[in-house]
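See structure below.
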Amino acid sequence: IIKDYLLYLIEEKKLAAGTINQVFNALRFLYVELYKMPYIIGKLPRPMKEKKLPDVLNEEEVVRIFRAVHNLKHQTMLMLAYASGLRVSELVRIRIEDIDGSRGLIHIRNAKGKKDRFTVFPESLRGQLIAYWKKYKLGTSGWLFQGDTNDKHLAARSIQAVLTRAIQASGITKRVSMHTLRHSFATH
C-alpha cells in the first residue's frame, strides 16, 4: 500500500522529486524509529531531482541592464557583481580596504561556508569605481556600498530591487536575479 501511495504522489499529484523523497524519509522514520519495524519499502527507487542549467544572459543583455540604471551607485554595484562574479551577500559587504587595485583582486571575507576568498577586480571597472568613490566622497576604509548610515552596509534586498527595475526597463523577458549575473560572469 505504501508503494501505491508513493506512485499516486508521483503520477497523480505530480509532486516534485524533493517532496517525494521527504515523504519517503518520513515513512522510513515512522517504521524504523517509531514502530521499530524493518523498513519494508527500502528497496524502492527514489525519484531523481532534475538538474536544470541556470539561466544566463548574453553580453548584449548585460549591457542593456547596465544602461537601464542611471544611479551611479546602483550601476557600479551591478557592474561589479557581474564583472567579479559576486554573490549579492558578498557584494554588499565589500569594504573599501578589500579592493586591491594594484593586484586586480577583491578580498571577499566570510563568503559562503564562512570562508575567505579572492576574486578578480577587472581593470575595465577602475574608472567606474573611481567616479563612484569621488562622487560619494568615500575614504580609505569602511563599506564600499553604505546603507542609510556610514556604519551599515546596503541591504541585499535594495540591490535586488534595483536589478528588478533595470530588467523591466531594459525589456528583458528572462527570469533574472542577482545570481543570474554570477552565472553569466562564469559563462562569459
Side-chain angles (χ1 to χ4, degrees), residues 49-188:
K49 257 184 134 173
E50 291 180 19
K51 293 185 180 180
K52 294 182 179 179
L53 289 174
D55 285 330
V56 175
L57 299 167
N58 63 43
E59 291 175 26
E60 184 261 325
E61 290 170 323
V62 172
V63 170
R64 281 175 39 204
I65 291 170
F66 296 156
R67 287 188 180 147
V69 178
H70 303 293
N71 178 296
L72 180 63
K73 180 179 185 176
H74 296 159
Q75 188 181 58
T76 303
M77 290 184 80
L78 292 176
M79 291 174 90
L80 189 60
Y82 167 72
S84 298
L86 297 170
R87 295 177 179 92
V88 68
S89 60
E90 297 167 347
L91 175 69
V92 297
R93 288 181 176 84
I94 293 175
R95 299 186 64 82
I96 295 166
E97 57 269 28
D98 292 337
I99 298 175
D100 185 346
S102 62
R103 291 185 3 192
L105 295 174
I106 301 174
H107 187 182
I108 306 299
R109 300 177 193 277
N110 245 348
K112 192 172 179 179
K114 304 270 188 219
K115 296 177 184 174
D116 286 6
R117 68 182 179 93
F118 285 95
T119 190
V120 296
F121 174 69
E123 182 65 32
S124 60
L125 270 189
R126 184 179 299 273
Q128 176 86 14
L129 197 63
I130 289 171
Y132 165 73
W133 184 76
K134 285 180 180 177
K135 179 176 180 180
Y136 288 90
K137 298 178 177 71
L138 301 178
T140 56
S141 66
W143 298 114
L144 181 60
F145 302 110
Q146 297 171 355
D148 294 336
T149 60
N150 292 350
D151 62 330
K152 293 183 181 176
H153 61 76
L154 190 69
R157 186 68 203 114
S158 296
I159 193 60
Q160 289 169 332
V162 167
L163 179 64
T164 300
R165 287 191 302 270
I167 296 301
Q168 290 170 346
S170 65
I172 295 172
T173 57
K174 291 180 183 177
R175 287 187 49 176
V176 178
S177 68
M178 286 296 292
H179 212 72
T180 307
L181 292 178
R182 182 173 161 81
H183 288 298
S184 300
F185 158 81
T187 302
H188 300 162

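Computed from a predicted structure; not experimentally measured.
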Residues R117, E90: salt bridge by 4.0 Å N-O rule: yes
Validation row: V88, H179 side chains within 4.5 angstrom (heavy atoms): no
Beyond-backbone contact of L154 with L91, side-chain heavy atoms, under 4.5 angstrom: no
Any side-chain heavy-atom pair of W133 and L138 under 4.5 Å: yes
F121 vs L80 side-chain heavy atoms within contact, under 4.5 Å: yes
Nearest heavy-atom neighbours spanning A68 and A166: CB-O, 3.6 Å
Side-chain ion pair, D100 and R103, N-O less than 4.0 Å: yes
More than 12 heavy atoms from other groups under 6.0 Å of CG on D148: no
Student check: side-chain heavy atoms of Y132 and Q75 closer than 4.5 Å: no
Passing candidate, side chain to side chain contact (heavy atoms under 4.5 Å, CB included) with Y82, options M178, R182, M77, H188: H188
Pair E61-K174, salt bridge (Lys or Arg N to Asp or Glu O under 4.0 Å): steps then yes or no: CA-CA 10 Å; E61 290 170 323; K174 291 180 183 177; 3.0 Å; yes
Note, Q128 side chain near L125 side chain (heavy atom, < 4.5 Å): yes
Heavy-atom donor-acceptor pair, R109 side chain to D116 backbone, under 3.5 Å: no
